[in-house]
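Notes to accompany the following structure.
Just the heavy atoms: all of them, side chains too, but no hydrogens, waters or symmetry mates, feed the values below.
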Amino acid sequence: MSTPSTPHEHPGVPHQPAPEQETPGTLTPTPSQTIGPFYGYALPFPGGGEMAPTGHPDTITLHGRVLDGAGEPVPDALLEFWQAGPDGSLRGAPGSLRRDPATGAVIGRDGVEFTGFGRVPTDADGRYALRTLPATAPADRPAAAPYIAVCVFARGLLHHLFTRVYFPEHTAAHAADPLLSQLPAHRARTLVARADGERRYRFDIRLQARAAGGGDEASEETVFLEFR
């Protein structure tokens, strides 16, 4: 008489060896995944776009849209801004992501310190707005023109993108800037905001160039940077 099979035995099916066990303390790398859109859940924080201290007389507004290759708005992108302090310092300051000591909830900025950091989601029309202090060049980069660094997170991006915002009143400094001076003029223009009001600037971010026939310089893809 044959003995009954155990619940894990299947007659006629070759035995499969047990999967190889990972060495304790090691992690198997996984491939990059398409990101989001889920930024609105936890990453934005109160006052994320209000980098300038409350009531500061030098406050400027930087605004624009994030656009895809068809020129359509990206409604759920997230932008991070990093900026040297008025003295050129890159030290930053605490005060952006304060938490309520009782509840642990993020309560945002203290309204006093300039931290050099902002985080802004785009709205349903792909628009963002940031209120900050005028850009300065980092103190340890004397040849650089004043700029604000930008990090872009958006749907379909496996990795976030880096770019910069320069400002039109610093044209003389642009000629010597280590980045702008190496770019063709039509590409360098994608990194320069344009004035569109008193102490107000517009800077659109294009994730891809528009198809042939777009018809204007604004169809150029924004220059993105790689850091190694």
Side-chain angles (χ1 to χ4, degrees), residues 27-51 62-85 90-97 106 108-109 115-132 135 137-138 141 144-167 177-180 182-183 187-193 201-210 218-228:
L27 295 175
T28 303
T30 57
S32 297
Q33 302 289 326
T34 300
I35 304 171
F38 46 71
Y39 307 116
Y41 173 68
L43 292 179
F45 62 93
E50 304 296 328
M51 290 174 64
L62 177 68
H63 72 105
R65 302 175 81 191
V66 179
L67 303 167
D68 64 18
E72 296 297 320
V74 179
D76 45 25
L78 186 77
L79 306 179
E80 289 188 348
F81 298 87
W82 304 83
Q83 182 178 349
L90 295 175
R91 293 190 307 272
S96 294
L97 294 170
V106 176
R109 300 185 186 278
T115 66
F117 171 71
R119 181 183 289 160
V120 184
T122 57
D123 67 12
D125 297 316
R127 298 185 184 277
Y128 73 91
L130 176 78
R131 274 164 275 280
T132 187
R141 301 172 194 170
Y147 68 86
I148 299 175
V150 187
C151 184
V152 183
F153 302 83
R155 63 170 70 191
L157 296 181
L158 297 183
H159 299 284
H160 44 276
L161 303 175
F162 297 97
T163 189
R164 290 179 179 178
V165 186
Y166 291 85
F167 293 84
D177 182 83
L179 172 60
L180 290 181
Q182 299 300 312
L183 295 172
R187 300 296 290 133
R189 282 194 290 269
T190 69
L191 298 181
V192 181
Y201 301 86
R202 175 150 186 173
F203 183 74
D204 292 338
I205 298 173
R206 288 192 177 275
L207 301 182
Q208 290 180 306
R210 293 188 66 174
S219 66
E220 283 280 336
E221 178 183 307
T222 300
V223 170
F224 296 108
L225 311 176
E226 182 178 3
F227 292 91
R228 297 179 179 177

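Not a single donor-acceptor pair under 3.5 Å links the side chain of Thr163 to the backbone N or O of Phe224. Arg202 contributes no side-chain N or O that, together with a main-chain N or O of Arg65, makes up a donor-acceptor pair within less than 3.5 Å. Counting only distance, with no hydrogens or angles, the side chain of Asp125 and the backbone of Arg127 share no donor-acceptor pair below 3.5 Å.
Phe167 is not listed as a side-chain neighbour of Pro146, based on a closest heavy-atom distance of 4.5 Å or more. Within the 4.5 Å cutoff, no side-chain heavy atoms of Thr222 are placed close to those of Leu161. By the 4.5 Å heavy-atom criterion applied to side chains, Leu79 and Leu130 are not counted as neighbours. Side chains of Leu207 and Val152 form a contact here, defined as non-hydrogen atoms less than 4.5 Å apart. Using a 4.5 Å cut-off on side-chain heavy atoms (C-beta onward), Gln83 and Met51 make contact. Annotation: side chain of Arg155 is in contact with side chain of Pro75 (closest heavy-atom distance under 4.5 Å).
Contact between Ala129 and Val120 at its shortest, heavy atoms only, is O-CG1, 3.7 Å. When all heavy atoms of Ala144 and Asp177 are compared, the pair lying nearest together is CA-OD1, 3.4 Å. Taking each heavy atom of Phe45 and Ser96 in turn, the nearest pair found is CE1-O, 3.3 Å. For the residue pair Pro138 and Leu90, the shortest heavy atom distance occurs at CB-CD1, 4.1 Å. When all heavy atoms of Leu78 and Pro44 are compared, the closest pair comes out as CD1-CG, 4.2 Å.
Ring pair Trp82/Phe117 is tilted by interplanar angle, where 30° to 60° counts as tilted.
Between the CG atom in Asp68 and the CD1 atom in Ile205 there is a gap of 13.5 Å [rounded to 0.5 Å]. Distance CG/Leu191 to CD/Glu220: 11.0 Å, rounded to 0.5 Å. A distance of 10.5 Å separates CZ in Arg131 from CG in Leu62, rounded to the nearest 0.5 Å. Residue Arg164 holds its CZ atom at 15.0 Å from CZ of Phe81, rounded to the nearest 0.5 Å.
Residues meeting the ring-ring contact (aromatic ring centres under 6.0 Å, His included) test with Tyr166, sequence neighbours left out: Tyr147, His174. For Glu72, there are no salt bridge (Lys or Arg N to Asp or Glu O under 4.0 Å) partners, not counting sequence neighbours.
Between the side chains of Arg206 and Thr190, no donor-acceptor pair is found at a separation under 3.5 Å.
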